[in-house]
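Taking it in order: structure first as structure tokens, then the write-up.
Small disclaimer: the values here were computed from a predicted structure and weren't measured. Only this structure's heavy atoms are used, side chains among them; waters, hydrogens and symmetry mates stay out. Here is the naming used below: chain letters follow the sequence lines, and residue numbers restart at 1 for every chain.
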Amino acid sequence: MKSAKDNVELISIPMVVDVPYRFAAGKYMTRFLTELRDNGKFYGIRCPLCNRVQLPPRIVCAVCHVKNSDWIELGNEGTLVGFTIMYLPLTDPTTGKPHEPPFAYGSVRLDGSDSVIDHFLNVEPVVEHIRIGMRMKVALKEREDRVGDLGDILHFDPVT
Amino acid sequence: MRKNVAIIGGGQTHHAARRHDVNQVELVNEAVRAALADAQMTIDEIDSVLFGNMEFFEGCHMTDCWLVDGSGAYGKPGLKITTGGTVGATIVGAGVHHVASGLFNKALCVGFEKQEEGDTGAILSGVAHPLFGRSLAGAAVGYFAMMATSYMAAWGAKEEHSAMVAVKARQNARKNEYAHLKLDISIQDALNSRMLSYPIRMLDMCPASNGACAMILADEKTARDRCAKPVWIRAMDTAHNEQFELDWRDVTTKKPIFSRVSASRLYRKLGVDDPSKYFDVFEIYEPATWAEMVWYEDLALCRPGDGFKLVENNMTAIDGPIPVNPSGGVLSTNCIGASAMLRIWEAALQIRGDAGGHQVVSKDIRRALATAYGGTNWTVLTALSGTMDD
Ligand SMILES: [Zn+2]
């Protein structure tokens, strides 16, 4: 590359790093994801000390540092706590393909849970159609298309 | 602090979107040489080197080994540190502990990022859990956008308030010779800039910068013998949030958010009653305009929900009663691994009276607070003063 300013050649070379790896979900995440995949159900896990129902389920409550033990079945409805309308064609790192902008996504607290799930919102991507506090319902992919990750959720639909 | 520690020198590069004129070693060495010159010290006198950046942002690992020539770490003890957005402040924290322990007297701290060489979006997606949220993990802008919609809904702030922060940062940056985005913009310009992720527009977000910062920390004896204007590290605090719980984006949450927890601990250590009066200037870590308004509240510069009113009333302007980011902040310059150290260095320059064009002159600067936050939701706060009596 030649810099226009001083006409000095400066070499810079495009390169690609490709990093294959295999991710172990662990016992708790595996149970959460298989319930979602096979039965279409959401399970949180409750801390025996602070009673927080955490998503995704994990071995230890970070706050109390005790082992989480109680599996709690959650409903498939919740409340929107934050959202955005994305205008950038962000690449989905799990597929390498861009999400088509503009699209709405947000953070939903499922009833009975102390944690939130981020996912697409099935609404027209205009601000007037989205409101913090609105009720949302999970829409899942068909059973045969579910693979056992959060992508098994299609989106959240507004509860009418 | 068991032993007192002071900043006895520092330096930074000219930050820019393109720095193809230098490689990573050359970039880092620019800041290291500036710091040594400022401290009137040679590299032989340095007895430990703390070094870091955001891992893999340049597409290579173990930058401490790659860049040992430029950092001056050859043959010296030291550590490599990578803690995401906070890394620059964490390096200083490690340096402070090195000196405070009595094991080292002169620690060189170096943070850098050469963002143009890597794909920061791709690397950041690796921060998200592969099975829980990675498919939506596009960029930091989405997280800040959700914080912003929550903030607007909860407190009634408008896009105009964001624009006011955007303008304040870039107008301050114009006074800072090292800043990246020196933009002569108006509120209307900010409101007309391209929408990235509602409600965040182009001018509401930080740039991707290349740059480095270096600072030299010393024990009290060295500082008093060798430095005309040492700046004392009075307290530091750091706190982690838990994984998966991104509820700091819900600004009404009652949960103990890491930045608030850290601030209240630091204030307790120093006996701070009213931080807006105790500290004379703030250099805070604001990758987005909305983050600055939330910081005001988390740092208790105002009541929860009143952050946007501070900027509306010009309270945090360079000549206001609570100057925040006279340097132009992260909104004007974001060379990730250096950004959090730049907050501390800029705060030190204000105390020394050496900030040049962006020096706060409307009041005497005796004490300053610098903040940082970043990857996996952790925060680092650093309190500085010009004398040990303050
Ligand atoms: Zn607990």
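Rounded to the nearest 0.5 angstrom, S12(A) OG and R18(B) CZ are separated by 7.0 Å. Interatomic distance, T95(A) OG1 to R134(B) CZ, rounded to the nearest 0.5 Å: 12.0 Å. Atom OH of Y105(A) and atom CE of M146(B) lie 5.0 Å apart (nearest 0.5 Å). With rounding to the nearest 0.5 Å, the separation of CE in M29(A) from CZ in F244(B) is 4.0 Å.
Proximity to chain B (any heavy atom under 4.5 Å) is shown, for F120(A), by both the backbone and the side chain. Neither the backbone nor the side chain of L80(A) comes within less than 4.5 Å of any heavy atom in chain B. Only the side chain of I132(A) comes within less than 4.5 Å of a heavy atom of chain B; its backbone N, CA, C and O stay farther away. Heavy-atom distances place the side chain of F56(B), and not its backbone, under 4.5 Å from chain A. Proximity to chain B is limited to the side chain of R109(A), based on heavy atoms less than 4.5 angstrom apart. With a threshold of 4.5 angstrom between heavy atoms, E117(B) does not approach chain A through any atom at all.
The candidate from G142(B), G59(B), G118(B) with the greatest count of non-hydrogen atom pairs under 4.5 Å with chain A is G142(B).
Ring orientation note: the planes of F23(A) and H129(B) are nearly perpendicular, at an angle over 60° on the 30°/60° scale.
Heavy-atom neighbours of chain B within the stretch residues 36-44 of chain A, taken at a separation under 4.5 angstrom, are nonexistent.
The backbone N or O of T84(A) sits nowhere less than 3.5 Å from a side-chain atom of T149(B) that would complete a donor-acceptor pair.
Using a 4.5 Å cut-off on side-chain heavy atoms (C-beta onward), R249(B) and V116(A) make contact.
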